[in-house]
Amino acid sequence: MSLRVLIYGVGPIGALLARYALRKGYEITGAVDIDPEKVGKDLGDVIGLDEKLGVIVQKDPDKAFEPVKPDIVLHATTSWLDKALPQIVLSIKKGANVISTCETLSYPYYRYPWLAELLDNYARRHEVTVLGTGINPGFLLDTLPAILSLPHIQVDHIRAIRVVDAGKRRKSFQKKIGLGLTVEEFNEKMSRGEITAHVGFAESVFLLSKIMGLKITRVEEKQEPVVSEAEYKTQYYEIKPGTIRGVKGMGIGYSGDKEIVRIEFHALVGSEEYEEIIVEGEPTVKWRSTGTPGDQGTAAVIVNMAPRVVEASSGLKTMADFVKASYLLHI
Ligand SMILES: NC(=O)c1ccc[n+]([C@@H]2O[C@H](COP(=O)([O-])OP(=O)(O)OC[C@H]3O[C@@H](n4cnc5c(N)ncnc54)[C@H](OP(=O)(O)O)[C@@H]3O)[C@@H](O)[C@H]2O)c1
């Protein structure tokens, strides 16, 4: 499907989105960013291509939507829906569908139920579709385990773990998990909201449960830094013994007092990478992968889902709507 796309946010993920959109044969009609280093430059230069694309990165989003209206906005600016809201609302008002890496948009009914309702109404009124997705949340710890549960006649518990080598990730990722900080610095920055570590544990638990039709009554989220015993060096940070090498976090979903879903994400410099999904029930099965590159995976999920979003009925969607619409799962 040939698509006209606008890149909203040209950070490392937005840059990958632009590259992958071009590989898919999509036409990039505009780009928006607020970073003065990028504004006014050709998108090709900003994302490190050898050629100009004839698309100037605009600070003023109104200018980026002219002269050609995009079919869909590929959005990658923030993890928080309240911050992303004006950008998404403007895109809808311009008549464009939106697909976003915003973690809290992947299941917005948990943290922002009132914004979810507003976005759904607004998108319907303008006959466009809005979806938040990515690799995590969006696929590895929610959509994928739900799909893997299909051959089970009874599911008692699902556990999904993802371990990544944080040293291989982009700078903004390494920064948000506090690499090289002391535990005190990490806790201080977390409490000030200066860093977030992983965002989206509860969203993944709810998304997985929604696809499978599980009744979750309570979700717990936990996250803690991991202190290094050795020295490590990434492209961006030096990690001395006693400083932070990564984070381990989890989301646990309960039905009443019973734990039925547990997802974990460990991002540690120097770690072996894998995903492991254990579906307990009848039968009990363990799946294990060799690891999925997170940044490339996110960009691929977004550009692969973009045509589906354009074709979908209007309103606010989650990955649950797309999995169910595929008739893959009858649960
Ligand atoms: N769901 C998933 O699986 C998944 C996976 C990867 C990433 N993500 C999320 O995707 C988002 C993008 O990732 P990233 O690493 O590329 O983030 P990033 O390094 O923070 O880049 C975001 C870019 O957007 C710009 N920006 C911020 N606010 C803007 C606004 N109001 N209008 C236009 N541009 C704006 C930023 O400019 P400044 O630098 O000047 O602020 C920056 O250039 C993050 O929130 C990340 O957590 C989700």
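All residue numbers in this chain count up from 1 along the given sequence. Remember, it's 1-based here, ligands and their atoms both numbered in the order they're listed. What you see below is based on every heavy atom in this structure, not just the backbone, and it leaves out hydrogens, waters and symmetry mates.
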Legend entry - Nearest-neighbour protein heavy atom for atom 22 (C) of ligand 1, which is reported as residue plus atom name and distance: A76 O, 3.7 Å

Legend entry - Main-chain N/O of I216 paired with S255 side-chain donor or acceptor, under 3.5 Å: no

Inset, instruction - Give a yes/no verdict on whether any heavy atom in K176 is under 4.0 Å from an atom of ligand 1. - result: yes

Inset, instruction - Pick, from V57, I34, V32, T298, the option with the minimum heavy-atom distance to atom 41 (O) of ligand 1. - result: I34

Legend entry - Subset of ligand 1 atoms that lie under 4.0 Å from at least one heavy atom of T78: 45 (O)

Inset, instruction - Answer side chain, backbone, both or neither: which part of K83 comes under 4.0 Å from ligand 1, heavy atoms only. - result: neither

Inset, instruction - Output the list of atoms in ligand 1 that are nearer than 4.0 Å to some heavy atom of I135, sorted by atom number. - result: 2 (C), 3 (O)

Inset, instruction - Compare T104, L105, D35 and give the one whose heavy atom is closest to atom 39 (O) of ligand 1. - result: D35

Legend entry - Nearest neighbour in protein (non-hydrogen) for atom 47 (O) of ligand 1: E103 OE2, 2.6 Å

Legend entry - Donor + acceptor pair across side chains of H152, Q154 (<3.5 Å): no

Legend entry - Distance from atom 21 (O) of ligand 1 to nearest protein heavy atom, with residue and atom: G11 CA, 3.4 Å

Legend entry - Electrostatic pair R262:E221 at N-O distance under 4.0 angstrom: no

Legend entry - Per-atom contacts of ligand 1 with G9, taking only distances under 4.0 Å to non-hydrogen atoms: 24 (O)

Legend entry - atom 31 (N) of ligand 1: nearest protein contact (heavy atom, Å): Q87 NE2, 2.9 Å

Inset, instruction - Name the closest protein heavy atom to atom 36 (C) of ligand 1, giving the residue it belongs to and the distance to 0.1 Å. - result: D33 OD1, 3.7 Å

Legend entry - Donor + acceptor pair across side chains of T292, E275 (<3.5 Å): yes

Legend entry - Under 3.5 Å: donor-acceptor pair, side chain of Q174, backbone of R169: yes

Legend entry - Nearest-0.5 Å distance that lies between atom CD in Q58 and atom NZ in K63: 6.0 Å

Legend entry - From L74 atom CG to I28 atom CD1, the distance as rounded to the nearest 0.5 Å: 8.0 Å

Inset, instruction - Show which atoms of ligand 1 fall inside a sub-4.0 Å distance from at least one heavy-atom site of G134. - result: 1 (N), 2 (C), 3 (O)

Legend entry - Donor-acceptor pair, side chain of R19 and main chain of G48, under 3.5 angstrom: yes

Legend entry - Identity of the nearest option to atom 13 (O) of ligand 1, non-hydrogen atoms only, from I13, N136, D295: I13

Legend entry - R162 bridged to E273 by N-O distance under 4.0 Å: no

Inset, instruction - Look at ligand 1 and say whether G138 reaches it with a heavy atom at a distance under 4.0 Å. - result: no

Inset, instruction - Report yes or no: does Y8 have a heavy atom closer than 4.0 Å to ligand 1? - result: yes

Inset, instruction - Any atoms of ligand 1 less than 4.0 Å from a non-hydrogen atom of S172? List them with their elements. - result: 14 (P), 15 (O), 19 (O)

Inset, instruction - State whether the shortest distance between N or O atoms of V10 and N or O atoms of ligand 1 falls below 3.5 angstrom. - result: no

Legend entry - Y20 six-ring centre to R23 NZ/CZ under 6.0 Å and within 45° of normal: yes

Legend entry - For atom 20 (O) of ligand 1, the protein heavy atom that lies nearest, with its residue and separation: T77 O, 4.4 Å

Inset, instruction - May I ask whether K59 places a heavy atom under 4.0 Å from ligand 1? - result: no

Inset, instruction - Give the ring-plane orientation class for Y107 versus F206, where under 30° counts as parallel, over 60° as perpendicular and anything between as tilted. - result: parallel

Legend entry - Closest to atom 15 (O) of ligand 1 (judged by heavy-atom distance), picking from R170, K171, H198: R170

Legend entry - Nearest neighbour of atom 48 (C) of ligand 1 from the list T101, T196, I7, on a heavy-atom basis: T101

Legend entry - S313 side chain to K317 side chain, donor-acceptor N/O pair below 3.5 angstrom: yes

Legend entry - Donor-acceptor side-chain pairing of E203 and T104 below 3.5 angstrom: no

Inset, instruction - Classify the contact between V199 and ligand 1 as side chain, backbone, both or neither, using a heavy-atom distance cut-off of under 4.0 Å. - result: neither

Legend entry - same_hphob_cluster(I158, W287) at 4.5 Å side-chain heavy-atom cutoff: yes

Legend entry - Ligand-residue contact atoms, ligand 1 with T133, heavy atoms, under 4.0 Å: 1 (N)

